[in-house]
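Worksheet: one structure, shown below.
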2 protein chains.
Amino acid sequence: MVKTKDYCRINEVIEEEMTSNIPVDEEIMDLADFFKVFGDPTRLKILSLLEHRELCVHDLAAIMDMQQTAISHQLKSLRQARLVRYRREGKMALYSLSDSHIKEIFSTGLEHIKE
Amino acid sequence: MVKTKDYCRINEVIEEEMTSNIPVDEEIMDLADFFKVFGDPTRLKILSLLEHRELCVHDLAAIMDMQQTAISHQLKSLRQARLVRYRREGKMALYSLSDSHIKEIFSTGLEHIKE
DNA sequence: TGAACATATGAGCAGATAAACATATAATAC
DNA sequence: GTATTATATGTTTATCTGCTCATATGTTCA
């Protein structure tokens with residue numbers, strides 16, 4: 001058993017990790033990767049726009065006044081995080097949200113920053 | 001009014017932004033800064049440890065097997081984001097969570113990655 | 001088939017960031 | 001006061017990240 005000093009509660013924590021539902025380190029990594037996606041204004045803006053309607057890449061770029069390639073790169077991140085999906089309609093790719101938790105996460109975050 | 005091409009829904013979006021509760025750009029920036037704090041495994045681990053008890057800096061460093069200065073730096077970020085607070089007890093600084101939304105955000109994130 | 005449009009991808013660069021290291025501040029005991 | 005312990009902060013460095021530019025892929029239509 002590891003014990004460094006009297007005031008260190010490492011054993012208490014180890015005990016608790018085994019018996020409770022504290023996220024283990026691998027889950028922590030996955031969680032961090034997930035939240036990292038929300039930690040960029042461009043991606044957040046895309047998500048907030050898609051909350052209300054599906055939009056094509058060109059529209060997103062026009063609305064946000066950014067280059068199409070920049071938007072496409074961020075959409076790739078969002079796809080990989082399984083936060084958006086798209087369907088083809090002719091030449092266009094129409095993106096929409098693919099995760100039901102996004103609105104919840106948004107509103108919880110907004111509650112925090114408005115306090 | 002701005003209008004680039006037929007398929008661009010920028011006017012529709014502008015209309016909606018004025019009448020609904022879409023976060024405006026400043027809120028988007030604040031939200032991104034908020035979620036950025038959750039986007040690092042070290043900070044997430046600290047938050048998850050503090051969910052169950054208050055801990056001093058030394059304990060956090062010992063449990064996480066990291067240097068004290070690294071922990072202190074991250075605690076500063078967490079303080080600035082108003083996610084943790086601390087009280088002095090002698091030489092020690094005992095940190096605890098200062099925001100009620102943290103558990104909610106955690107569990108929502110976990111729901112997503114476990115799907 | 002080729003031209004035009006819509007989107008995706010790869011490379012490079014500039015700015016951001018997290019840890020390490022050195023050092024400073026704070027609190028207690030002597 | 002000094003020594004010791006606990007924590008905080010400033011600086012440097014290596015890594016990561018988001019944008020731009022160039023280019024490739026995909027789709028439609030003539």
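Each chain gets a letter, A, B and so on, in the order the sequences are listed, and its residues count up from 1.
With rounding to whole Å, Met66(A) atom CE is found 14 Å from dC21(D) atom C1'. dT7(D) atom P lies 12 Å from atom CZ of Arg87(B), rounded to whole Å. In this structure, Phe35(A) places its CZ atom 17 Å from P of dT17(D), rounding to the nearest Å. Rounded to an integer number of Å, the gap from Ile71(B) CD1 to dA6(D) C1' is 14 Å. A straight line from CZ of Arg43(A) to P of dC19(D) spans 8 Å, rounded to a whole angstrom. In this structure, His58(A) atom NE2 and dA4(C) atom P are separated by 17 Å, rounded to whole Å. Going from atom CD of Gln80(A) over to atom C1' of dT9(C) covers 12 Å, rounded to whole Å. Atom pair Leu78(A):CG and dG18(D):C1' shows a separation of 13 Å (rounding to whole Å applied).
Map Ser77(B) and Thr69(B) each onto its nearest nucleotide of DNA chain C; the residue landing nearer the 5' end is Ser77(B). Along DNA chain D, the nucleotide closest to Lys36(A) and the one closest to Leu94(B) are compared, and the more 5′ of them pairs with Leu94(B).
Arg87(B) and Tyr95(B) share no donor-acceptor pair across their side chains, judged by distance under 3.5 Å alone. Side chains of Glu104(A) and Thr108(A): a donor-acceptor N/O pair is absent below 3.5 angstrom, by distance only. In summary, the side chains of Gln68(B) and His58(B) do not present any donor paired with an acceptor at a separation below 3.5 Å, with no hydrogens or angles considered.
Counting non-hydrogen atoms of other residues, nucleotides and ligands closer than 6.0 Å to CE of Met66(B) gives a total above 12. Counted within 6.0 Å of CD on Glu26(A), heavy atoms from surrounding residues, nucleotides or ligands total 12 or fewer; the atom is thus considered open.
For a distance-only test at 3.5 Å, the side chain of Gln68(A) qualifies as a donor-acceptor partner of the base of dA8(C).
When the nucleotides dT9(C), dA8(D), dT7(C) are ranked by their closest atom to the side chain of Met92(A), dT7(C) comes out on top. Closest to the side chain of Ala93(A), from the set dA19(C), dT20(D), dT7(C), is dT7(C). Distance from the side chain of Lys91(A) is smallest to dG26(D) among dT7(C), dA8(C), dG26(D). The side chain of Gln67(B) has dC21(C) as its nearest neighbour among dA8(D), dT17(D), dC21(C). If you check dG10(D), dC19(D), dT7(C) against the side chain of Thr42(A), the one that comes closest is dC19(D). For Arg79(B), taking side-chain heavy atoms from C-beta onward, the closest of the listed nucleotides dG18(D), dT9(D), dC21(D) is dT9(D).
Note: Phe35(A) and Phe38(B) have tilted aromatic rings, judged against thresholds of 30 and 60 degrees for the angle between ring planes.
Neither OP1 nor OP2 of dT17(D) sits under 4.0 Å from any side-chain N or O of Gln74(A). In this model, the phosphate group of dT7(C) is not approached by any side-chain N or O of Arg88(A) to a distance below 4.0 Å at OP1 or OP2.
Taking the side chain to side chain contact (heavy atoms under 4.5 Å, CB included) definition, one finds that Lys91(B) meets it with nothing, sequence neighbours left out.
Backbone-only contact: Tyr95(A) has heavy atoms under 4.0 Å from sugar-phosphate atoms and none from a base.
Residue Val84(B) is not grouped with residue Leu94(B) when hydrophobic side chains (ILVMFWY) are merged at heavy-atom distances under 4.5 angstrom, including chains of intermediate members.
Between the side-chain ring of His73(A) and the base of dC19(D), no stacking contact exists by the 5.5 Å and 30° definition.
The overall bend of the helix from dT1(C)-dA30(D) to dC30(C)-dG1(D), read as the angle between its terminal helix axes built from five base pairs each, is 20° when rounded to 10 degrees.
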